[in-house]
There are 2 protein chains.
Amino acid sequence: MEQVTGRIREFNRYYTQRIGVLTDHYLGQRSLGEARLLYELSRDPDVRSVRARLGLDSGYLSRLLRALERQDLITLERHPEDGRARIAVFTAAGRAAVSDLDTRSDESVATLVDPLTPDQRRRLADAMDEVQRLLRIAAIEVQPVAAGSAVARSCLHEYAEELSRRFPEGYGPDDLLPASAFAFFLVASDGVAPVGCVGLRVLSPGVGEIKHMWVSPSARRLGVGRRLLASLESSAADLGFTELRLSTHEALPEAIALYQALGYAEIPPYGDDVHGQRFFSLPLFR
Amino acid sequence: MEQVTGRIREFNRYYTQRIGVLTDHYLGQRSLGEARLLYELSRDPDVRSVRARLGLDSGYLSRLLRALERQDLITLERHPEDGRARIAVFTAAGRAAVSDLDTRSDESVATLVDPLTPDQRRRLADAMDEVQRLLRIAAIEVQPVAAGSAVARSCLHEYAEELSRRFPEGYGPDDLLPASAFAFFLVASDGVAPVGCVGLRVLSPGVGEIKHMWVSPSARRLGVGRRLLASLESSAADLGFTELRLSTHEALPEAIALYQALGYAEIPPYGDDVHGQRFFSLPLFR
DNA sequence: GAAAGTATCTGACTAAAGTCAGGTAATCTC
DNA sequence: GAGATTACCTGACTTTAGTCAGATACTTTC
């Protein structure tokens with residue numbers, strides 16, 4: 001571990017120093033805060049979501065917006081669906097400023113990699129992808145959300161889509177439990193998008209049933225399922241559950257393997273789930 | 001190229017955002033400027049060289065140093081060889097502060113990679129090494145230096161060392177030309193250390209001789225030799241030379257291949273270099 | 001329809017980070 | 001040994017990047 005830490009720190013020192021030089025260049029005369037905000041708004045004009053994403057103080061953001069307005073780069077309009085919120089509308093000058101920022105940024109990167117051969121450039125991009133992919137994995141966090149929330153619904157939608165492709169008998173939205181059925185619902189997210197989910201419903205006092213576990217295809221074989229289950233088990237134990245059960249399907253061998261690896265024991269069929277073919281149970285201790 | 005640029009920008013956005021979060025943590029209550037300076041001084045107490053490396057304003061640096069002195073972390077002493085310059089001497093508290101910074105930094109990196117498996121961590125470190133290696137290659141610059149300068153001498157020293165290993169007849173420091181023999185001398189550097197060199201001496205009016213071309217083993221096969229020669233050729237042409245010559249040795253097949261690939265034509269022996277076995281020439285045009 | 005919550009704005013403030021001009025002492029160059 | 005250069009210092013200043021405490025208008029929840 002120490003070796004890896006040292007190498008990462010060395011990389012970080014080198015990279016930040018190298019990139020600092022670049023940053024100065026592509027900003028032109030604009031400040032970093034303004035440039036970043038301008039760029040983010042150009043991709044997503046919703047002020048509220050940009051604020052959340054960049055983690056800015058509302059006062060600070062408000063002043064930055066005022067500065068962009070004074071420069072006639074944007075105007076702020078009322079959000080069509082929520083009168084409290086604002087959306088940024090770019091003026092012609094604003095669009096020009098964004099594209100200028102874009103060009104400068106492209107140019108400074110091009111200057112950076114110019115001495116490299118095409119092959120070296122490709123290797124650089126590949127290595128950066130690998131770094132980013134691994135950092136994204138490291139960023140995956142499991143958190144409880146409301147089963148009716150937008151993020152939970154989007155996970156369940158993808159879950160149903162996938163099962164409909166994999167189950168010979170098919171699977172439809174009607175096979176999903178209603179949000180009210182869940183005692184709690186967990187979503188794994190990598191900080192950008194959800195990459196997995198799982199819910200728990202009460203079967204009988206002290207007995208919970210694991211339902212609708214899903215891992216995004218882009219995040220398979222990275223330990224997301226394992227972490228979702230670990231989190232679910234510990235939350236369930238805290239809530240006083242003493243046993244977890246689940247039913248799964250022959251068409252999901254990776255799920256079956258995971259349950260077996262985590263100590264779930266196969267049990268006789270229970271319940272009336274039409275898709276249930278294999279059944280498992282795990283005792284919980286506090 | 002556009003694709004690669006976009007991927008690099010995407011990486012940069014993600015990385016800087018991710019790392020910003022880390023930075024807050026390991027600083028403790030110290031400001032970024034102070035912490036960075038403290039760290040740099042702990043590796044190299046020479047104020048002058050740290051100032052050059054970090055590119056700081058002298059007034060700003062002076063104030064930062066005063067702050068570190070006030071906190072009893074360092075004392076400033078006169079540089080033993082230059083009464084104008086200062087070196088930082090760490091107090092016990094200063095050494096403790098550096099090691100504290102070090103520990104925090106290690107910890108925050110460890111927290112970052114904690115969710116990864118050991119294999120994933122190794123892959124992360126490897127990918128970071130690749131990124132850094134390629135960025136370092138991209139940073140290589142060829143610049144003229146005085147043939148008697150410290151950097152030129154250190155290149156020539158390594159050059160002689162290597163030839164003494166590769167030439168059956170041996171090679172010693174006495175085989176090197178004196179600094180005064182060169183019309184000009186070029187060094188390739190990656191921003192950290194020199195990675196190659198080449199010198200030109202005058203054979204006769206309009207005819208220059210390429211001497212002592214060397215590429216550091218750590219930078220072979222990266223196009224450094226090619227760039228050194230391109231730079232030398234254009235400088236020589238600017239100075240009015242119309243022909244370049246060189247002698248090389250059978251024990252250096254990679255050099256011979258490079259000269260041939262760049263259009264140097266083999267010519268009959270000339271001069272009296274005891275190590276000369278193969279001879280090449282290139283006409284120059286302005 | 002009242003209460004609670006949300007999205008933004010405003011004013012007042014702070015610390016960090018840096019710039020610039022001018023000064024002193026030491027050293028280098030001729 | 002004069003003049004230029006270098007390394008650093010000091011004072012005065014600016015910009016950036018925030019924080020915090022309320023105020024206001026709108027929306028959601030009960």
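By convention in this document, chain letters (A, B, ...) are assigned in the order of the sequence lines, proteins followed by strands, and residues within each chain are numbered from 1.
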- prompt: Is the closest basic N to carboxylate O distance between Asp100(B) and Arg104(B) below 4.0 Å?
  reply: yes
Base, sugar-phosphate or nothing for Ser31(B)? Non-hydrogen atoms, less than 4.0 Å.
sugar-phosphate
Looking only at dC8(D), dT19(C), dT8(C), the nucleotide nearest the Ser58(A) side chain is dT8(C)
>> Please evaluate residues Asp72(A) and Thr91(A) with respect to the criterion side chain to side chain donor-acceptor pair (under 3.5 Å), reporting the C-alpha separation (whole Å), side-chain torsions for both, the decisive distance (0.1 Å), and the verdict.
In response: CA-CA 7 Å; Asp72(A) 283 320; Thr91(A) 64; over 6 Å; no
Assert: residue with more 5' nearest nucleotide on DNA chain D, out of Leu64(A) and Arg78(A), is Leu64(A)
- Query: At under 4.0 Å between heavy atoms, what does Arg66(A) touch on the DNA or RNA strands: base, sugar-phosphate, or nothing?
  - Reply: sugar-phosphate
Here the distance between atom C1' of dT19(D) and atom CG of Leu54(A), to the nearest Å, is 17 Å
Tyr60(A) OH to dC20(D) C1', in whole Å, measures 16 Å
Atom CG of Leu56(B) and atom P of dC9(D) are separated, to the nearest Å, by 13 Å
* To do: Determine the contact category for Leu32(A): base if any of its heavy atoms lies under 4.0 Å from a base atom, sugar-phosphate if only primed atoms, P, OP1 or OP2 are that close, otherwise nothing.
  => sugar-phosphate
Closest of dT10(D), dC8(D), dT10(C) to the Ser62(A) side chain is dT10(C)
Taking for Arg30(A) and for Arg48(B) the nucleotide of DNA chain D with the nearest heavy atom, the one nearer the 5' end belongs to Arg48(B)
Side-chain N,O (Arg84(A)) to OP1/OP2 (dT6(C)) below 4.0 Å: no
In whole angstroms, the gap separating C1' of dA16(C) from CD of Glu34(B) amounts to 10 Å
Note: for Glu81(B) and Gly55(B) on DNA chain C, the residue whose nearest nucleotide lies more 5' is Gly55(B)
Here the distance between atom P of dG18(D) and atom CG of Leu61(A), to the nearest Å, is 12 Å
Checklist entry - Is the backbone N or O of Glu107(A) less than 3.5 Å from a side-chain atom of Thr111(A), with the two atoms forming a donor-acceptor pair by type? => result yes
When rounded to whole Å, the CD to C1' distance for the pair Glu69(B) and dC9(D) reads 12 Å
Separation of dC9(D) atom P from Leu76(B) atom CG, nearest Å, is 6 Å
Q.
Quick check on dC9(C): is either OP1 or OP2 less than 4.0 Å from any side-chain nitrogen or oxygen of Arg86(A)?
A. yes
Plane angle bin for His212(A) and Tyr159(A) - parallel if under 30°, tilted between 30 and 60°, otherwise perpendicular:
tilted
To the nearest angstrom, the NE2-P distance between His79(B) and dA7(D) comes to 10 Å
Next on the checklist: One thing to verify: whether Arg9(B) and Asp102(A) come together as a salt bridge, which I'm taking to mean a side-chain N less than 4.0 angstrom from a carboxylate O.
Outcome noted: yes
TODO: Under 4.0 Å between any heavy atoms, over every strand shown, what does Asp57(B) touch: base, sugar-phosphate, or nothing? Just pick one.
DONE: base
